[in-house]
Structure formats: C-alpha cells, structure tokens
Amino acid sequence: MRHIISILLENESGALSRVSGLFSARAYNIESLTVAPTEDPSLSRMTIVSIGSNDIIEQITKQLNKLVEVIKVVDLSEAAHIERELMLVKVRATGKDREEMKRIADIFRGRIIDVTDSAYVIELTGNGAKLDAFIEAIDRTLILETVRTGVSGIGRGDRILKV
Amino acid sequence: MAKEAKDKVLTGAEILIRCLQEEKVEHVFGYPGGSVLYIYDALSQQDKVKHILVRHEQAAVHAADAYSRSSNKIGVCLVTSGPGVTNAVTGIATAYMDSIPLVAITGQVPTAAIGQDAFQECDTVGITRPCVKHNFLVKDVKDLALTLKKAFYLARTGRPGPVLVDIPKDVSAQSCAFDYPESISIRSYNPIVKGHSGQIKKAVQLLQDAKRPMVYTGGGVILSNASERLTTLTRKLGYPITNTLMGLGAYPASDKQFLGMPGMHGTYETNMAMQHCDVLLAIGARFDDRVIGNPTHFAQNKRKIIHVDIDPSSISKRVKVDVPIVGDVADVLADMLAQIDSVGLSKKTQDISAWWKQIEDWRSRDCLKYPQGPDLIMPQFVVQKLFEVTKGDAFITSDVGQHQMFAAQFYGFDKPRRWINSGGLGTMGVGLPYAMGVCLANPGAQVACVTGEASIQMCIQEMSTAKQYRLPLKIVNLNNRYLGMVRQWQQMFHGNRYAESYVDALPDFVKLAEAYGHVGMQITRPQDVAPALHEAFTTYKDQLVFMDFITDQEANVFPMIENGKGLSEMIMSEDL
C-alpha cells in the first residue's frame, strides 16, 4: 500500500541523511521525498511517499520517531489529506505544436512560464496521477526535459502537524 | 562547579576535559593523534580524568563499552581523526547493537580542511551514523559544552546507546567562556518512562489467568537496573523464567525457577517452555533470531504475549504481541508489583503445578551433559571449574564462538552486570579489552576472559595495555586449534568440509604472555584444570595470567537449533 508520511524535524545539517540512511539501512522503499524549512526556520517539514505492508509502515513510523532530530511523524494517508506535486516541463513549441501545446496546458490548468521561439516551459501542479496524465496527453517526442518535485502533503481540516 | 567556572575563558580542549569532570568521568580510553593533540595536552595538565592508553583504537571502544556494562557508569573513549575513527567503528557498532551507553570523542581535521581530502580526514559523522544513537560535529567552540551535555544525556536515557562527538582540531584550540548546563531538555527527544496503567492492569490479569506462564527477559532488565524488581516479581508469581544471552544474571541462575538461557544454544526446558507456554511475559528483550528461531514456527503455538520495552520499535517487530507496554523496565516492573499487591495474588492466580511437572520432565533430560574422560579436557569442564574456583562471583567476559556459549551455559550468573559479551554484533576480539574495562570499573574484583585461540588473537596487542596498568585479569583460553563454531557448522551443515577453520601456526601462548611481562600456563590434563585456576586466582592474584587450556578439538555446543528452524526443533548432544 502507498503511504504518505509527513515528518516535522529539526532543521539541522545531517537530519536529511539520517532519514534517508534509515530507509536504505532497513531496506524500506522511498517513492519520493521532499523537504524544506517551515515558517519557523528551526524546523523542516518532510513528506515521504513509501510503499509497504501495514507492518512495514508501522516500523517505518516507529523508526523515524526514534531519530533524535525527528519531532513528529504522521501517516497522512490514514485520513483525509491533500497531496500536490509541482512539475516543470520544457517542450518543443514550433509550428502547429505551438498552439496545441498551449491548449493542452490550459486544459490541465498549467501555465506557460517561459517562452522562446522554439520552446515553452510549462508549470503544472496536481497529484501525481494528474501530472502523469499530462505527460500522456502531449506528444512525447516534443518533451525536452521534465522536473518533478515529488509529493508534498497536508492533512485536511483540523489535522495539524506542528510542535 | 559549573557556577564558579562561569565566564572563565577556556580552550575547547579544556572545556572538553571540564565537561568530563562535570560528568564524573574517571577513565577515558584512547589513543592520541594529530587531530586530538590539544585535547591530550589538556588531559595531561589535570589528574581527575585518567587516560588509559590502549594499543589499538578498537580496544579503546571495547574497554569503554565494558566499563559501562559492568558498572552503570558511562564509558568514554577518545580517538583521533581518520584511521583512529575507522578503527573505532567496530567497537561503536558493537556497543550500538547491545544498546550500551557510551560517549565517543573523535578528533577531526580543522574546519577549514573538512572536505578537502586532508591528511587523516574521514567523514566521521557519515561513517558512524548508522551505528550510533546520535552523533554531532561541533563546528563552533561555543557549542561544545552544550553538545557534550546532550551526548551524555542521550547516551544514558531512553534506550541507551553510543553517542559520538566529532571535534575539529581548531575547535579544540579556540577559546570561549565555559558554562556547563545543569540540566537539559531536547524538544525532539522525549523517551517514555512510565508504562500505560491500563496495559499494566491487563498484563497482570493475563499473568494471573495463565496456566502455562513463562517469563522471558533480556538485556533491557540489566540496562534498567531492574534485576531486584524482576526477581521479586518472578518469585512472587512462582513462574519459570529465562534470561537471554544479554540478560544473564538479571535473575539468579542458581534459583530453581530459572530454566537456563533460551535460543539457538539454550536449554531444552527453556525452549520447550517458550514454545508451549500460554502466556509469555517478555521484558527488555527483542525476540531476535538467535532467541526464537523461525518466527513462523514460533507463532504456530498460540500464546498471549505481554511485551515490556522502552523502545516502541522493538514491539511487534518480529513477533506480534497482545499487550505492548512501552516504558522503562524498572518503572513498569514497580507498577506491575504494585498492581499485583493491590488485586491480591493468592486467591486469583491459577494452580500451575501441572506446568511445573511438565517443565521438570523436560529438565530431567539434562540437555547440557557432556562426557569428561580422563585424557582430554572438555571446554565445558574448564568453565565449570572456573565457576567453582571463583565461587560464581567473578566478572566473566568472553569473545565470540563456542567458548562464549559454553561460558553462558556453564557459568551460572547470580548477579547482573557480571557477564560481559558481544551479543548482538558478535564481535570476535572483544574479550581482552572488555576484561580491561571491567578491571578499571571494578577495582579488586575477580575478572576472567573466557576466550578461544582465534578470538584472543584479534586484540592480543592489549596484553601490553594490561601490563602498563597492572590489570590482574585472567585469560581462560579454550584452545581447540579450530574456529570452533565455524567448524561445528561445517561439520553439521557443510558435509564435514572444514574450509579455513583450522588454525595452523598458533603462537606459543605461554611464551607470548611472558614476552608481554605476564604469567603464562599451558594445561593439557583434566586433573590440572582446577589447580591451575586456583593458582591463577591466588598465587598470581595481582597479575595477568594467560591459561592456555588444550581442549578436545571437536567438542560441540548443544543443544542447537539450526538456523531458520523452530524453538522446539533442537539437535541434542545424543543426536549426533
């Protein structure tokens, strides 16, 4: 099962490698990992997408909690939550493709954020499936490069993860 | 002390020494080198913290580790950057696997040189990260005192473990005002001490309803100093008990409720009771592969499991449990005792005499029996004589292999912290440095290192350290000219092909001991075993004595559970 684990941890050098090292040392799986400081610069918020049985996810949560720099761990997928991922796609945009690309970007609520004579950079936000669908929808041979951030997640409503 | 020193400007090296003094550290095991020269300079200018100069950094960590294990004080080691650190890694990993509190101070190249591939540079925090409870790189001398306070606090609280502090050379040279905080709290670190009262009530109820109860305890009871409470509880209940390899001595081995060690080389009665009990009380133990064997086989017999552990991640890791209790073992045991007293014991508890009858029946198989003839010395016999000569009251360290199992099976430990061995990592070579650490933490105590001719050579250079500090430990070398445990597996599972397990060209251990300035003895006949041990502990009481016992070459450790097999699938000595 796919789980989205949200972690609040001290924003200290080495904290990220403790988390990623834990996953490799215990042979846990990481689909994606995102991390950045929060509004309180002493804290970082990390979102990890992992796939594993309930037993493994329980162990992952417990092992993460054991790390000295980790303050809180929540499995977001246990309840209502929102997940979003940002993708930047650079596509070839010449001739008839130029108009077509803009049209598909509009359909997906993407925005063109860089334009040259021959290329666009399209910014797209959504869950992973939506981003995958966009890639499927455009002509693959036109894709020059893609960059994805990995999933960030947050609980809906009153579910709050803070110190 | 911290208050007087306030505002006094000290160098990083001096601050480190002051912190060690504040933590009441009496001994530091270490080896100097370029990156720690300021620290050694500061060490030499005071006499509260004594430095023990080992001959290899690995031994510094092992000795500090045994210092902790045998005394409940915190062992401290000090090594230089680069190779000093990499040599120390085995020791750190050994302590980590057994949850031993330890503080390792390591030198680092100057901050400006970090990342430049400098001479004797290595990524210490990176290399040690997976085998420490936590580690720190101190980049500013102003952070040094607080970091050391944190290190000692982290090492000893919660599930204990080694903590490493990496100090670049320039940080140990720079100065700042010294102020050692009296107390500390870390917002991201709040170990649970008290067990959940509802769970404790449930556990007591289960224990009282049990028809075939069994108590199974591990190293956690020793680390938590909870032996007395465990003994009180177990005696009150009248239930059978086992201590794991890490937990030996937590309950007196001489007591009739004690069934012996469990697991791969555990006793028949213990393993059968573990498999067939209906309620299992597991305390400070982690159901590891050498204890329960195959978890699927273990789960075939239905039983209710109560699991007390300070580490939530130990619970339901290998075996699903029914009543998990997260908390400090000593605290939880106190609460369990109080709960039993409040509900009353005698009326409600089941009659378990049928279960004891079954256990006595298993016990009557006498699973540890071995043949001692007139010619060859059996290794088990040496350990039994060692027990008799030391009246069961010595500190015993061991290395890893057959001799370790014989020592665990045949030296009945009645007290905690007397049995010092590498249970988790299984590190050959620990025995001699462990014995050194024990001697320094327990001056005047009888200390013996039960080892083999292969293990002892992995840290043999420490005979020199033992001479320098006049450590009167006794080495009991069970010399079978084989890597005994490897040979046993090859005999049993690899068609008698003894690939590289025969040790040729052994040194003359008597001469070797004498070369280091100690007493050496070689013992070849069974009737000489007890007299030699007696002589070592009386005539040569104040000296290191190396006793080289030439033993039966092909003695095996029984009972044995084959890797991957279940607890009740033991191979007994008579089966081969």
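Quick caveat: nothing in here was measured; it's all calculated off a predicted structure. We use all heavy atoms of the structure for the numbers below, so side chains are in, but hydrogens, waters and symmetry mates are not. Just so we're on the same page: letters track the sequence lines, and every chain starts at 1.
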Please check if any side-chain donor atom of Ser422(B) sits under 3.5 Å from a side-chain acceptor atom of Thr94(B), or the reverse. no
Between Glu58(A), Arg18(A), Gln59(A), Lys66(A), who has the most heavy-atom pairs with chain B when the cutoff is under 4.5 Å? Arg18(A)
Heavy-atom pairs under 4.5 Å with chain B - which of Lys72(A), Gln63(A), Glu12(A) has more of them than the others? Gln63(A)
Test of understanding: with ring-ring contact (aromatic ring centres under 6.0 Å, His included), list the residues that count as partners of His134(B), not counting sequence neighbours. Phe136(B)
Between Val70(A) and chain B, with a heavy-atom cut-off of 4.5 Å, which part of the residue counts as in contact: side chain, backbone, both or neither? backbone
Taking only heavy atoms into account, what residues of residues 306-330 of chain B are found under 4.5 Å from chain A? Asp311(B), Pro312(B), Ser313(B), Ile315(B), Ser316(B), Lys317(B), Lys320(B)
Can you tell me if NZ on Lys90(A) sees more than 12 non-hydrogen neighbours from other groups inside 6.0 Å? no
Would Lys139(B) and Asp166(B) count as a salt bridge (charged side-chain N to carboxylate O under 4.0 Å, His left out) if you check the C-alpha gap in whole Å, the side-chain angles of each, and the deciding distance to 0.1 Å? CA-CA 9 Å; Lys139(B) 287 184 181 154; Asp166(B) 199 25; over 6 Å; no
Filter on side-chain hydrogen bond (donor to acceptor under 3.5 Å, both in side chains), then keep only pairs touching residues 154-163 of chain A, sequence neighbours left out; what's left? none
Run the salt bridge (charged side-chain N to carboxylate O under 4.0 Å, His left out) test on Lys130(A) and Glu85(A) for me, step by step, so that the C-alpha distance in whole Å, both residues' side-chain angles and the decisive distance to 0.1 Å come before the verdict. CA-CA 9 Å; Lys130(A) 176 183 162 182; Glu85(A) 185 174 356; over 6 Å; no
If you tally heavy-atom pairs under 4.5 Å against chain B, which of Ala25(A), Ser13(A), Ser24(A), Ser17(A) wins? Ser17(A)
Heavy atoms of other groups near Lys142(B) NZ, more than 12 under 6.0 Å: no
Contacts of Lys150(B) meeting salt bridge (Lys or Arg N to Asp or Glu O under 4.0 Å) (sequence neighbours excluded), chain-then-number -> none
